[in-house]
**Q** 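Have a look at the structure that comes next, please.
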There are 2 protein chains.
Amino acid sequence: MSEKLSRAETADARRKHIVETAAICFVEQGFHQTGIRDIAKRAGVSLGNIYNHFGGKTELIAEIATLEAEELAELQEGLTTNTDPLAALETFVERYLKLCSQPENAALTIEILAEAMRNPVIVEGFLTNRDSLLLALEDQIAAIRKLSGGNPDIPDRDCAKFTLDLIEGLSMRIAFSERKPSKRELNSLKRAVKRLV
Amino acid sequence: MSEKLSRAETADARRKHIVETAAICFVEQGFHQTGIRDIAKRAGVSLGNIYNHFGGKTELIAEIATLEAEELAELQEGLTTNTDPLAALETFVERYLKLCSQPENAALTIEILAEAMRNPVIVEGFLTNRDSLLLALEDQIAAIRKLSGGNPDIPDRDCAKFTLDLIEGLSMRIAFSERKPSKRELNSLKRAVKRLV
DNA sequence: AGATTATGAGCGAACGATCGTTCATTATGT
DNA sequence: ACATAATGAACGATCGTTCGCTCATAATCT
C-alpha cells in the first residue's frame, strides 16, 4: 500500500516530525527547559541528526514561532465575506477564540511572547502576521460601521485591537483552567465586541 | 548620616538587594537564562551567600512572583471611593495602565505567566491576588450600573474581566514598543471601558 | 547496463561550558 | 565564645554543539 518514498521525501517527513515533536516538548516544558536530547529521544531520532536538519536550537524555536504565526493567516482569509459583515465578525470571534483557547496554543503563545521580548527575529515574525490580521479586522469593522451609520468615537484600528484583546484575554482564562468556553462567556464576549463597534 | 545597622537589618537589606537584582536579571534574560552566578555577580555578592538567604532558585522566582502580585493589592485600595464611581473607575484605568505598561513589569508578567503554566505554587499566588482585584472592580462596576440604572446584558464579573483585558492588552502593545501611551490610546481605552459598563 | 563516486541522513561518543547546589573555611558582628 | 554572614572551590549533572563514522541513495561516468 505504502509508496516507496524518495530520499528527499523521507528527509522532509523526518524534519517535519522533529518540528512537531519539538513543539510538544516546548509546550510541556518551555523553550529553555527543553534540551535537544529531550526532543531527539521523544522523536526517536539521534541527537546528532537533529543538527543535520536544523542549524541549532534557536533555529528550531524560530521555526515553531513562524508556524504558530502562520496559523493566524488562515483565520484571516475567512474574514472578508460579501454577506452580512456583522455575522462574519461573529464567526471570526468564535473561530479565533477556539484557536487561542486551546491550551497548547496558549502555552506556546506565552512562550513565544517571552522569547520575543529578547529576540528581534521572533518579534518581527510575530508582529508582521498580527498586523495583517489587525488590518483585515479593521476593514471588517469599518464595513459594519458604514452600514450601521453611527458616529463611533473609537477609531477603527483601536477598535480592532481591543476586539483581539478581548478574545485573547478570555482565551487565556479558558486555557489556564483547561476547560471549554461556556455559553455565557461566549455570549458576553460577543456582546462586548458588538458594543465596541 | 547613615545609622549603624544591626546585624539583622543588614541581613534583611542584603536579602532585599538580592531580590531586586534578581528581578533585573530575570527581566533582562528570563528566569531560565539567568544563572545564580549572574545574580551574585551583579549584586556584588558571593555565589554561596545567595544560598544563605534563599533556599534556591525556585524560591527566588516564587518570591519575585509574589512581589509582583502584591503590586496589584496597592492598586486595589484606591479603587473603592465614596465619590463619583465612574471617575474612580477612570483613574483606576489610568493607574493600572501605567503600571502594566512599564516594560519591566510587562516582561516580568509574561515570564511569570509562562512559569505559572507549569508551577502550581506560582499560579495560585497569581490567581489569588487577581481574583481579589477582579472582585473590587466588579463591585465598582455594579455601583456605576446602579447609578446609571441601565439593564446591562453583560454580567458585572465578565465586564470586570473584559476591562482588565483591555487595559492589559494595550499595556502589552505599549510595553513592547517601549513608548508611553498616547492621548488617543488612553481616550480610546476609556471610551471602550465606558461602553462595556 | 553496470561500475564508481558523491551526497547527506543517521548515529552516539565526546567536548567544553555552564548549570544549581553543597561544603569547608574565614570574617565579623554580638 | 559563639552564631551566623560571607566566601569561592568543588561536585555531579546537564547543556548545546561538534566530531568521526556508517551506510543507503543519487548522480555521474564508462
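Letters A, B, ... mirror the listed sequences (proteins, then strands); counts begin at 1.
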**Q** Would you indicate what A/Thr34 reaches in the nucleic acid, counting non-hydrogen atoms under 4.0 angstrom: base, sugar-phosphate, or nothing?
**A** sugar-phosphate

**Q** Report yes if a side-chain nitrogen or oxygen of B/Asn49 is closer than 4.0 Å to either non-bridging phosphate oxygen (OP1 or OP2) of D/dA6; otherwise report no.
**A** yes

**Q** In whole Å, I'd like the distance from the CZ atom of A/Arg7 to the C1' atom of C/dA6.
**A** 10 Å

**Q** If I take atom CZ in residue A/Arg37 and atom P in nucleotide D/dT18, what distance separates them, rounded to the nearest angstrom?
**A** 13 Å

**Q** Look at A/Ser46 and C/dG10 and indicate whether a side-chain polar atom (N or O) is within less than 4.0 Å of OP1 or OP2.
**A** no

**Q** Is there a donor-acceptor pair closer than 3.5 Å between any side-chain N or O of A/Gln140 and the backbone N or O of A/Pro85?
**A** yes

**Q** At under 4.0 Å, does any side-chain N or O of B/Arg14 touch on OP1 or OP2 of D/dA6?
**A** yes

**Q** If you go through the side-chain atoms of A/Asn52, does one of them form a donor-acceptor pair with the base of C/dG8 closer than 3.5 Å?
**A** no

**Q** According to a strict under-4.0 Å criterion, is A/His53 in side-chain N/O contact with OP1 or OP2 of C/dG10?
**A** yes

**Q** Tell me: CG of B/Leu47 to P of C/dT22, nearest whole Å?
**A** 11 Å

**Q** Testing the basics here: between B/Ala106 and B/Cys100, what is the closest heavy-atom pair and its distance to 0.1 Å?
**A** CB-O, 3.8 Å

**Q** Indicate yes or no: does B/Glu77 engage B/Arg95 in a salt bridge with an N to O separation below 4.0 Å.
**A** no

**Q** Look at the side chain of A/Ser6 and decide which nucleotide, out of D/dT17, D/dA26, C/dG20, has an atom nearest to it.
**A** D/dA26

**Q** Tell me what B/Gly35 touches on the nucleic acid: a base, only sugar-phosphate, or nothing, going by heavy atoms under 4.0 Å.
**A** sugar-phosphate

**Q** For the side chain of A/Asn105 and the backbone of A/Leu99, is there at least one donor-acceptor N/O pair under 3.5 Å apart?
**A** yes

